[in-house]
Amino acid sequence: FGVVLLGQFNCAITQSITFAAPSNLARAWFPPNIVSTIVGLAWSSTYLGMALGLFIPPLWIGNVEDKEAIALPGLMFFYFFTAAVVVALFVFLFPKEEPVGLTIRRNRAESISITQIFGVFKDIFVDRNNRDFMYVIIWWGIMMGCGYALSTELQSLYGHLASDETIGVLGFFQILCGVIGVYLGGKIASANPGKINNINAVLYGVSTLCLGGTGASIGSQNYIGASVFSCLFFFGCIA
């Protein structure tokens, strides 16, 4: 358990970097008019990886009653091998030249003191003009927390309604709906930049209703209803 906890801790630290990478790379490499779409595609790849993580292991392990019989070394080797392939692709295929936008920003960058950094955060959280931004951040945190909880607790929620393989397939389609939502959300946001707050409100409203529908369906042991509502929740939440 200690080793697993240490691994989770290290993953949490690296996610603070990797989750910020898509938007930063998109700004550096692509023109402003398509940045939203590129960020959507980049985030889609992240969630597609999560979907495969929910889909492949249950198919590999099967619906095993005796949990002690699960071939964990083989499963962990699969994860290690996948990560090694990704690292190798990054090392050997990553472009050697800097994008023009990144070079310009670096050349114009000034050294920023820790006092200035805290000043920026103070302006963000105190300035009344940033109230909309704060609403979006709060809702985003709540929705993403619900999304991660729902995706990681599938076995606990649906274990009495379906087999492990079926639950794995459901997890795959849930995240796949989120990937579609991210792509469509990026396209809609790019086409209607002045209505992003309205778009967010609609997406989060739909997600909230669908999350309630998921809970009610699970409570009534309606697997079909819970599956549909959870897929719609991920569509709006991840978008």
Side-chain angles (χ1 to χ4, degrees), residues 11-12 14-26 34-59 79 82 86 135-158 161-162 164-192 195-218 223-239:
C11 287
T14 57
Q15 279 187 355
S16 63
I17 301 170
T18 57
F19 272 33
S23 56
N24 191 40
L25 290 173
I34 62 170
V35 165
S36 293
T37 302
I38 297 299
V39 171
L41 291 173
W43 270 88
S44 296
S45 66
T46 300
Y47 284 103
L48 188 59
M50 291 171 56
L52 292 174
L54 291 167
F55 182 65
I56 294 176
L59 293 181
Y79 287 135
T82 305
V86 172
Y135 291 153
V136 171
I137 289 298
I138 292 170
W139 272 109
W140 182 80
I142 292 172
M143 286 295 174
M144 289 302 295
C146 292
Y148 276 110
L150 187 57
S151 62
T152 55
E153 294 296 328
L154 287 178
Q155 179 61 46
S156 300
L157 293 171
Y158 292 95
L161 299 176
D164 291 343
E165 296 98 319
T166 305
I167 295 171
V169 173
L170 172 61
F172 175 81
F173 278 104
Q174 283 179 344
I175 305 297
L176 191 60
C177 287
V179 170
I180 296 171
V182 166
Y183 177 74
L184 293 179
K187 297 288 285 186
I188 295 172
S190 296
N192 303 278
K195 297 182 178 179
I196 288 181
N197 283 339
N198 296 332
I199 295 169
N200 277 327
V202 170
L203 290 172
Y204 286 150
V206 169
S207 298
T208 303
L209 292 174
C210 290
L211 187 60
T214 302
S217 298
I218 292 175
Y223 177 75
I224 301 299
S227 301
V228 172
F229 278 121
S230 63
C231 286
L232 291 175
F233 164 76
F234 275 91
F235 176 88
C237 172
I238 298 179

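Computation of the quantities below employed the complete heavy-atom set of this structure, encompassing side-chain atoms and omitting hydrogens, waters and symmetry-equivalent molecules.
Taking both residues in full, the closest heavy atoms of Gly236 and Leu203 are given as O-CB, 3.8 Å, listed atom of the first, atom of the second, then distance. The two atoms that bring Ala239 and Gly181 nearest to each other are CB-O, 3.1 Å, heavy atoms only. The heavy-atom pair separating Leu154 from Gly171 by the smallest distance is CD1-CA, 3.5 Å. Residues Ile188 and Ile199 approach most closely at CG2-CD1, 3.5 Å, considering heavy atoms. Phe229 and Ser217 get closest at one heavy-atom pair: CD1-OG, 3.6 Å. For the residue pair Met143 and Cys237, the shortest heavy atom distance occurs at O-SG, 3.3 Å.
Summarising the geometry, atom CD1 belonging to Ile180 is positioned 14.0 Å from atom CZ belonging to Phe234; distances are rounded to the nearest 0.5 Å. Expressed to the nearest 0.5 Å, how far CG of Leu161 lies from CG of Leu170 amounts to 10.5 Å. Separation of atoms CD1 (Ile218) and OG (Ser227) is listed at 8.5 Å; rounding is to 0.5 Å. Distance check, rounded to the nearest 0.5 Å: CG of Asn192 to CG of Asn198 gives 9.5 Å. Of the inter-residue distances, the one linking Thr208 atom OG1 with Ile142 atom CD1 reads 8.5 Å to the nearest 0.5 angstrom.
When side chains are defined from C-beta on, Phe233 does not count as touching Gln174, because their heavy atoms never get closer than 4.5 Å. Using a 4.5 Å cut-off on side-chain heavy atoms (C-beta onward), Phe235 and Cys210 make no contact.
No more than 12 heavy atoms of other residues, nucleotides or ligands shown are found within 6.0 angstrom of OH on Tyr183.
Note: Trp139 and Tyr204 have parallel aromatic rings, judged against thresholds of 30 and 60 degrees for the angle between ring planes.
Side-chain N or O atoms of Thr214 include one that pairs as donor or acceptor with a backbone N or O of Ser230 at under 3.5 Å.
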